[in-house]
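Remember, it's 1-based here, ligands and their atoms both numbered in the order they're listed. Keep in mind that the numbers below use all heavy atoms, side chains included, and drop hydrogens, waters and symmetry copies. Just so we're clear, the structure is a prediction, and the values are computed from it rather than from any experiment.
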Amino acid sequence: MKTRLVKADSAAVNEAASLLREGQVVAFPTETVYGLGADGLNGDAVARIFAVKNRPADNPLILHIASRRDLDALVTRIPPAAEAAMVEFWPGPLTLVMEKTDAVPPIVTAGLPTVAVRMPSHPVARRLIAVAGRPLAAPSANRSGRPSPTRAGDVLDDMDGRIPLILDGGSCAVGVESTVLDVTGPTPRILRPGGVTREMLWRTLGPVDEAPSVMRPLDEGEAAPSPGMRHRHYAPRVPLTIVEGGAPALFLRYDQAETRGKTPVLLCTAQTARDAGSRRCVVMGDRDDADTIAESLFSALRELDRVGADIAFAEAVEPAGVGLAVMNRLLRAAQFRVEGRNTR
Ligand code: TXA
Ligand code: MG
């Protein structure tokens, strides 16, 4: 199959919507990351998403809607916390998990009785959903296990030959995926931290829980609250370790690796890169502005594989605000390898 990458003007959006109505899979920009969309009410179309992504069948998808009215057909009940969250954060990077209706094919939810729904704010995503006239099931448009794509070219790297069309809407402003919030229980629970921060949720909803797997690996045999957490994620090909203790600790690890005959690279903030001398760096944003780190994180993870290094060390980020989502992704990219400031 030939994959075309086209600027997301209105003709391209209309063409993408026709392909979606025919049951095809199309990539499109959202404010978080690029999505790989299909008609969310057509089980055969949704099955194509799993095939082109190589996604495990037990990892459910998010349904994307363009208007609040689209929600009624998908969920049996809208809990008060969901109502409040939608008023405050939709459209935007917040996904709500609610009880599903029979209109949602079981393949979308991997057989779960709940469905994840979000209303993106990106104008191309909104227009595409509206013109297609149905909710779009859409995971991130990477091949399973790879960093999520935040630029159309990254989608092409992963999807060339697998889908007919990629809508190019430039780079994604948020850069990490939506926050997944389960609102089916008495207390809302964050299953995946993302663009809408824990602090923002607390301000609007009061106490909010957090799945333990947000910042640590699941234990052997432990049930995953969000099935996506079970799977290997975001990993660059070069082995990555997070190093705590700031620039001095990073530089030490780098120099030790070089002494051992390795070709290291640092994944670090602009401030650290400025002091790094001749050490090779891939920059991920500004240390004092977590939003800029989130925005560039996934493209930086992809860049790590292009610089010809055989070992990589990442700077730890303060897990506050969107920094929590950054560390959640970075920990998975490093397969939870973290070195403290005094360890060797
Ligand atoms: O920002 C985003 O959310 C992007 C853009 C494209 O919208 N989409 C995205 O989708 O990140 P994906 O498939 O890569 O991640 C969906 C996450 C997974 O961790 C999945 O396990 C979880 O949502 N999820 C989906 N349905 C669920 C459900 N019913 N219960 C619990 N978790 C669910
Ligand atoms: Mg994903």
Side-chain angles (χ1 to χ4, degrees), residues 25-38 40 46 49-50 53-66 74-75 89-100 104-122 124-126 128-129 135-150 154-155 158 167 169 172-185 188-196 211 213-214 218 223-235 294 298 301 322 325 328-329 332-333:
V25 173
V26 168
F28 64 98
T30 83
E31 72 280 18
T32 57
V33 301
Y34 274 76
L36 197 60
V46 174
I49 294 179
F50 284 89
K53 247 192 96 112
N54 222 344
R55 183 179 177 103
D58 65 352
N59 192 2
L61 304 178
I62 296 171
L63 289 182
H64 296 66
I65 60 176
L74 308 177
V75 302
F89 301 113
W90 277 13
L94 177 69
T95 294
L96 296 170
V97 173
M98 291 177 265
E99 276 152 36
K100 82 185 245 328
V104 179
I107 186 169
V108 170
T109 67
L112 293 174
T114 54
V115 62
V117 187
R118 103 171 177 95
M119 187 191 293
S121 63
H122 196 292
V124 171
R126 301 286 298 278
L128 181 64
I129 300 163
L136 298 184
S140 48
N142 51 288
R143 259 184 283 144
S144 214
R146 302 262 301 137
S148 299
T150 51
D154 295 340
V155 179
D158 279 17
L167 293 178
C172 303
V174 178
V176 291
E177 304 89 339
S178 63
T179 305
V180 179
L181 187 72
D182 182 346
V183 286
T184 58
R189 173 164 251 230
I190 297 172
L191 303 182
R192 177 178 75 180
V196 171
S213 52
V214 165
L218 288 166
S226 185
M229 295 286 189
R230 259 202 311 275
H231 303 287
R232 193 184 139 98
H233 257 110
Y234 309 117
F298 287 137
L301 284 171
V322 78
N328 170 278
R329 308 309 189 270
R332 283 164 177 78

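- Remark: ligand 1 atoms within the under-4.0 Å shell around heavy atoms of Leu191 are 31 (C), 32 (N).
- Contact annotation: Ser140 places an N, O or S atom under 2.8 Å from the Mg ion (ligand 2).
- For the residue pair Arg329 / Tyr234, a side-chain donor-acceptor distance below 3.5 Å is found, with atom types taken as modelled.
- The atoms of ligand 1 that sit less than 4.0 Å from any heavy atom of Ala138 are 8 (N), 10 (O).
- Residue contact check: Ser140 has heavy atoms under 4.0 Å from atoms 8 (N), 9 (C), 10 (O), 12 (P), 14 (O) of ligand 1.
- Not a single N or O atom of Thr95, backbone or side chain, sits closer than 3.5 Å to an N or O atom of ligand 1.
- In terms of polar-atom proximity, defined here as any N/O pair under 3.5 Å, Arg118 does make such a contact with ligand 1.
- If you number the atoms of ligand 1 from 1 as listed, the ones under 4.0 Å from a heavy atom of Val180 come out as 23 (O).
- Side-chain polar atoms of Ser178 and Thr95 form a donor-acceptor pair below 3.5 angstrom.
- Contact between Leu181 and Leu94 at its shortest, heavy atoms only, is CB-CD1, 4.1 Å.
- If you look at His122 next to ligand 1, there are no close heavy atoms at all, none under 4.0 Å.
- Heavy-atom proximity to Ala116, at under 4.0 Å, picks out these atoms of ligand 1: 25 (C), 26 (N), 27 (C).
- Relative orientation of the Phe28 and His64 rings is perpendicular, given thresholds of 30° and 60° on the angle between their planes.
- Annotation: side chain of Phe298 is in contact with side chain of Val33 (closest heavy-atom distance under 4.5 Å).
- Using a 4.0 Å cut-off between charged nitrogen and carboxylate oxygen, Glu177 and Arg118 do not count as a salt-bridge pair.
- For Glu177, no nitrogen or oxygen atom sits less than 3.5 Å from a nitrogen or oxygen atom of ligand 1, counting backbone and side chain alike.
- Residue-ligand proximity, Leu112 to ligand 1, at heavy-atom distances under 4.0 Å covers atoms 28 (C), 29 (N), 30 (N).
- Each of the atoms 1 (O), 2 (C), 4 (C), 5 (C) of ligand 1 lies under 4.0 Å from some heavy atom of Thr32.
- Heavy-atom contacts of Asn59 reach the following atoms of ligand 1: 18 (C), 20 (C), 21 (O) (cutoff under 4.0 Å).
- By the 4.5 Å heavy-atom criterion applied to side chains, Thr114 and Asp182 are not counted as neighbours.
- Across Val214 and Pro193, no two heavy atoms sit closer than the pair CG1-CG, 3.6 Å.
- Neither the backbone nor the side chain of Leu36 has a heavy atom within less than 4.0 Å of ligand 1.
- In terms of polar-atom proximity, defined here as any N/O pair under 3.5 Å, Ser178 does make such a contact with ligand 1.
- Taking each heavy atom of Ser144 and Pro56 in turn, the nearest pair found is OG-CD, 3.6 Å.
- Taking all atoms of both residues into account, the shortest heavy-atom contact from Leu61 to Phe50 is CD1-CE1, 3.7 Å.
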